[in-house]
K.L.:
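Structure in structure tokens, see below.
All values below were derived from every heavy atom in this structure, side-chain atoms included, with hydrogens, water molecules and symmetry-related copies excluded. Throughout, numbering of the chain's residues begins at 1 and tracks the sequence.
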Amino acid sequence: LNRFIGEVVVLKSPKGGMEDLVRQHKRFPSRVVRYCTGELKLRPIRKFLRSLEEEVVNTVGIRAQESPRRAAYPEWEYNNDLACDVWRPILSWTEQDVIAMHHRHGVRPNPLYLLGSNRVGCWPCIFASKASLRILAREDPERVDEIRRLEHEINEIRRAEDPNAQLVSWFSRSGVFTPIDDVVEWAFTDRSGH
């Protein structure tokens, strides 16, 4: 990959990874309280970009097809928070376009794409589709086990502090506690829930 884009700098949050953040917050990110993106992606990139002396174009590999929110983004815009231009060169690409470009240049696509997942930034994302959840259950049962243990750990901590504390889970719908095993079971149902 370096032969195409140069040096790769891996940025990390000083607060640790996702599991560390869940422990610090004593809850999982949700559609309403989505601290994961800010802590794990935006703050580290903001700090890094501000440390550079040259003018920067932040090139982001998101596709409109990934979500309605992403479909509304322009290809180019200035981001005041990051103090740079943001370019989304593959915004109009399909998933197949991405894989074809990888093949053309001899770069292995993210294995999650090859398994059929349509979003690969976080594994699993709290916004994962049923299809991605099925892939998670089939291909990465150890990750399901990790999530189950973390759900148990966080809920034990919350209940020790307040016996009436609301239970929390990796995935939730409208604030309803939905443990990972129930989510995986749901992922294998049809639209009617059977």
Side-chain angles (χ1 to χ4, degrees), residues 1-13 15-22 28-31 34-45 48 58-73 75 86-151 169-173 178-191:
L1 191 60
N2 291 25
R3 65 188 169 150
F4 295 116
I5 61 173
E7 179 187 6
V8 174
V9 177
V10 177
L11 303 177
K12 294 184 179 184
S13 169
K15 294 184 177 184
M18 179 65 129
E19 289 186 28
D20 300 307
L21 289 176
V22 168
F28 297 87
S30 68
R31 292 181 191 279
R34 193 173 161 187
Y35 60 80
C36 50
T37 301
E39 293 293 337
L40 298 174
K41 296 178 182 179
L42 296 177
R43 283 189 183 88
I45 190 74
F48 176 73
N58 183 20
T59 306
V60 183
I62 64 169
R63 298 178 299 106
Q65 193 180 56
E66 293 174 318
S67 73
R69 183 173 178 216
R70 291 178 177 191
Y73 287 145
E75 183 178 339
V86 176
W87 178 35
R88 301 175 182 95
I90 66 170
L91 191 65
S92 64
W93 289 22
T94 66
E95 182 180 323
Q96 284 311 113
D97 293 334
V98 172
I99 292 172
M101 183 61 71
H102 280 77
H103 288 302
R104 182 169 33 185
H105 293 285
V107 176
R108 185 170 180 256
N110 184 310
L112 297 175
Y113 273 132
L114 301 177
L115 292 170
S117 185
N118 59 357
R119 292 183 73 169
V120 300
C122 299
W123 186 247
C125 177
I126 60 168
F127 298 117
S129 66
K130 281 180 108 171
S132 290
L133 291 167
R134 286 190 299 271
I135 293 165
L136 172 70
R138 282 191 209 117
E139 302 293 330
D140 199 358
E142 297 83 14
R143 186 72 180 123
V144 173
D145 293 341
E146 290 170 9
I147 292 169
R148 184 184 308 108
R149 282 191 294 275
L150 189 58
E151 285 178 340
S169 53
W170 189 277
F171 298 97
S172 65
R173 292 244 185 321
T178 311
I180 188 64
D181 293 320
D182 292 355
V183 171
V184 167
E185 184 178 322
W186 167 81
F188 285 94
T189 64
D190 60 24
R191 287 182 173 234

K.L.:
Using a 4.5 Å cut-off on heavy atoms from C-beta on, say whether the side chain of W170 contacts that of M18.
P.N.:
yes

K.L.:
Restricting to non-hydrogen atoms, name the atom on G116 and the atom on I135 that form the minimum distance, rounded to 0.1 Å.
P.N.:
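Closest pair (atom of G116, atom of I135, distance): C-CD1, 3.3 Å.
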
K.L.:
Please check this pair: side chain of H102 against backbone of V98, looking for a donor-acceptor N/O pair closer than 3.5 Å.
P.N.:
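Judged by distance alone, yes, a pair lies under 3.5 Å.
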
K.L.:
Kindly indicate, with the supporting measurements, whether the criterion side-chain contact (heavy atoms from CB on, under 4.5 Å) is fulfilled by D97 and I90.
P.N.:
CA-CA 9 Å; D97 293 334; I90 66 170; over 6 Å; no

K.L.:
Can you tell me how far the OG atom of S132 sits from the CG atom of L112, to the nearest 0.5 Å?
P.N.:
8.0 Å

K.L.:
Taking R70 for the side chain and I62 for the main chain, is one N or O donor matched with an acceptor at less than 3.5 Å?
P.N.:
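Such a contact is absent between R70 side chain and I62 backbone.
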
K.L.:
What distance do I126 atom CD1 and F171 atom CZ have between them, rounded to the nearest 0.5 Å?
P.N.:
8.5 Å

K.L.:
Please examine the side chains of E139 and S117, heavy atoms only from C-beta on, and report whether any two atoms are closer than 4.5 Å.
P.N.:
no

K.L.:
Taking atom OH of Y35 and atom CZ of F28, what is their separation to the nearest 0.5 Å?
P.N.:
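Y35 OH to F28 CZ: 7.5 Å, rounded to 0.5 Å.
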
K.L.:
Rounded to the nearest 0.5 Å, what separation is found between the OG atom of S129 and the CG atom of L136?
P.N.:
10.5 Å

K.L.:
Does a side chain donor of either T178 or S169 reach within less than 3.5 Å of an acceptor in the other side chain?
P.N.:
no

K.L.:
Would you call V107 and M101 a side-chain contact if the rule is heavy atoms closer than 4.5 Å?
P.N.:
no

K.L.:
Which distance, rounded to the nearest 0.5 Å, do you find between the CG of L40 and the CD1 of I45?
P.N.:
13.0 Å

K.L.:
I'd like to check D140 versus V144 (side-chain heavy atoms, cut-off strictly below 4.5 Å). Are they in contact?
P.N.:
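Of all side-chain heavy-atom pairs linking V144 with D140, none is under 4.5 Å.
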
K.L.:
I'd like to know whether CD of E185 has more than 12 heavy-atom contacts from other residues, nucleotides or ligands below 6.0 angstrom.
P.N.:
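Result for CD/E185: open.
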
K.L.:
Show the numbers, then the answer: is there a salt bridge (Lys or Arg N to Asp or Glu O under 4.0 Å) between E151 and R148?
P.N.:
CA-CA 5 Å; E151 285 178 340; R148 184 184 308 108; over 6 Å; no

K.L.:
Could you measure the distance from the CG atom of L133 to the CZ atom of R138? Nearest 0.5 Å is fine.
P.N.:
11.0 Å

K.L.:
Compare all side-chain heavy atoms of P179 with those of I147 and state whether any distance is below 4.5 angstrom.
P.N.:
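A side-chain contact under 4.5 Å is absent here.
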
K.L.:
Between the side chains of E142 and R149, is the shortest nitrogen-to-carboxylate-oxygen separation below 4.0 Å, so that they form an ion pair?
P.N.:
no

K.L.:
E75 side chain to L91 main-chain N or O, any donor-acceptor pair under 3.5 Å?
P.N.:
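Absent.
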
K.L.:
Could you check whether any side-chain heavy atom of P124 comes within less than 4.5 Å of a side-chain heavy atom of R143, counting everything from C-beta outward?
P.N.:
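Side chain of P124 against side chain of R143, heavy atoms only: contact under 4.5 Å found.
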
K.L.:
Which atom pair, heavy atoms only, marks the closest approach of G38 to P44?
P.N.:
O-CD, 4.1 Å

K.L.:
Do the side chain of E39 and the main chain of K15 share a donor and acceptor less than 3.5 angstrom apart?
P.N.:
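Absent.
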
